[in-house]
Amino acid sequence: MGPTLEDFLMTTDRIDRTVAWEALDSRGRPTVACRVELENGAHGRTVVPSGASTGRHEAHEARDGGTRYGGWGVRSAVAAVNDEYAPLIRGMRASDRAEIDAAVEEHDGEPNLSRLGANAALAVSLATTVAHGAAENRPLWSTLGDPAGGDAGARRATIPMPMINIFSGGAHAGRAVDIQDFLVVPLGAQSFAQALEQVSDVRAHCARLLDDRGGWSALVADEGGLSARLGSNEAALELLAEGIERAGFAPDAMSIAIDVAASQLVDGDDIVLAGQGDRLSVDEWLDVVVGWTERYPLVSIEDVVGEDDWRGSSAATRRMPATQMLGDDLFATNLDRVDRGVSESAANAVLVKVNQAGSVSRAGRVLARAQDAGFATVVSARSGDTEDTWLSDLAVGWGAGQIKVGSTMRSERTAKWNRLLEIEAIDGLPFAGASVLGGTA
Ligand code: PGA
Ligand code: ZN
């Protein structure tokens, strides 16, 4: 198509300028920031997140190495955006995000975006997505379209059920305990605002219990959770269950979730719980976890075994059919891995992280595929996150059902919760409620 009158008048959503720079994430590490400016004056800006318990199958995050910022610099990824992607996408329309993502992916040329870095590709994808929302002058969640990338239109927009971190271990808390995340799911809440209020109350009770046991609740972990060396993983579960009880909630109104992040605990064929001096076979480990589901209101378990242990994942899903079995590193927001997980019943829910995929379009396709297969979906932040709030809009607009962002403090966490509160207050969308969890509970 030749130039239109709109082009002539510069009122289109064609991309004019794309600029990237190095910014900091919530752990104080460099990350790629990017601003996409459109001819019509709208712009989108993003600061991309970064994980710590990063899966082997994630799209590749480019780091400079060397001595700057301890090797964590991202100048090469910034240069890729400014020198290669900016001219590549100039003149494309922000509303054609799928085409922009495809052009970027093709330009990198590696399936895991390892030539120029997934952090460079994602910066462009996210800033474009935000710019499109700004140009439409509508809430971002309403401008995302069909996550599958077709023209089926948006899924039913809902405010997601949150899964909120109370207690941290693993790579997010100096391995205070082995399991990375102890979370609660406020299944009895009737609205998002009520969910957040209830969980804050549980966190306050757990903080008091921790202090009584000699902990120091003023110190928080990477995702804003409490942390202390409790001696065993079960001690953290006990503390959480007691906090829930003291806050006055029945187990079916305030339930527990864990993210084992077991890839961090795998040694050969075994699971090593260094904090309590145990080395277990996968079957012995699953016996322990099954025991927990019998003693605690445990409704969701993430990455219960290592990221390449398809047999163990399927066994866990078979043994705990009532529980949401959630794959994070197992799926790495990768379509082929989700397809395998569906055909082998290796889980019943998929964690979706856009930076594991490298673009909004890829992540959307993974979410759509999982949902179409009857799996539950949980949109997730990273442990190194930023002040951005697009994640909340993705969870709403894609009808993800669930969201995981960390705890109820630290601004990179509360920015996402506060955006959901805003959407609930302003746009009046329904709260997803308890039925969105995977498993037959
Ligand atoms: P990560 O942790 O961002 O460090 O990977 C989040 C998670 O494992 O769910
Ligand atoms: Zn995880």
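Counting starts at 1 for both ligands and their atoms, following the listed order. Source: prediction; values computed, not measured.
Judged by distance alone, the side chains of Glu58 and Asn355 never bring a donor and an acceptor atom under 3.5 Å apart. Of the N and O atoms on the side chains of Asp252 and Ser255, not one donor lies less than 3.5 Å from an acceptor on the other residue. Looking only at atom types and distance, the side chain of Ser50 has a donor-acceptor partner in the side chain of Glu61 under 3.5 Å away.
Distance check for Asp328 against the Zn ion (ligand 2): an N/O/S atom falls below 2.8 Å.
The heavy-atom pair separating Val81 from Cys34 by the smallest distance is CG1-SG, 4.1 Å.
In this structure, ligand 1 sits under 4.0 Å from heavy atoms belonging to Gly51, Ala52, Ser53, His172, Gln180, Glu223, Asp259, Glu302, Asp328, Leu351, Lys353, Arg382, Ser383, Lys404.
When rounded to 10 degrees, the angle formed at the Zn ion (ligand 2) by OD2 (Asp259) and OE2 (Glu302) equals 90°.
For Arg29, the side-chain contact (heavy atoms from CB on, under 4.5 Å) partners two or more places apart in sequence, or in a different chain, are Asp25, Arg27, Trp72.
Summarising the local packing, CG of Asp372 is surrounded by more than 12 heavy atoms from other residues, nucleotides or ligands at distances under 6.0 Å.
Taking 4.0 Å as the cut-off between side-chain N and carboxylate O, Arg246 and Asp201 do not count as a salt-bridged pair.
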